[in-house]
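Note sheet for the following structure.
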Amino acid sequence: MALNKPVTSFTVRPQIVAAITAALAAAGYLSTGSRITSIRPVKRTNAWKMAGLRELMLGRDLSS
């Protein structure tokens with residue numbers, strides 16, 4: 001993949017990219033010449049799954 005090739009995604013609407021860019025610029029995270037290289041969703045684990053894993057881990061005997 002060439003470094004100068006623009007990264008495009010058909011899953012993110014241009015309006016969303018513009019809103020994210022404007023928010024980052026307003027917060028001071030983007031300066032002149034900066035660019036966003038990728039936008040991806042945050043993958044969160046199900047809260048019920050995390051509670052089950054926590055319960056399993058707390059039930060283990062780690063003294064050995």
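For the atom pair R44 CZ and K49 NZ, the distance stands at 15.5 Å (nearest 0.5 Å). One distance of note links CD1 of I20 with CD1 of I36; it measures 6.5 Å at 0.5 Å rounding.
In the hydrophobic cluster analysis, where Ile, Leu, Val, Met, Phe, Trp and Tyr join through side-chain heavy atoms closer than 4.5 angstrom, Y29 is grouped together with I16.
Heavy atoms of other residues, nucleotides or ligands lying less than 6.0 angstrom from CD of E55 number 12 at most.
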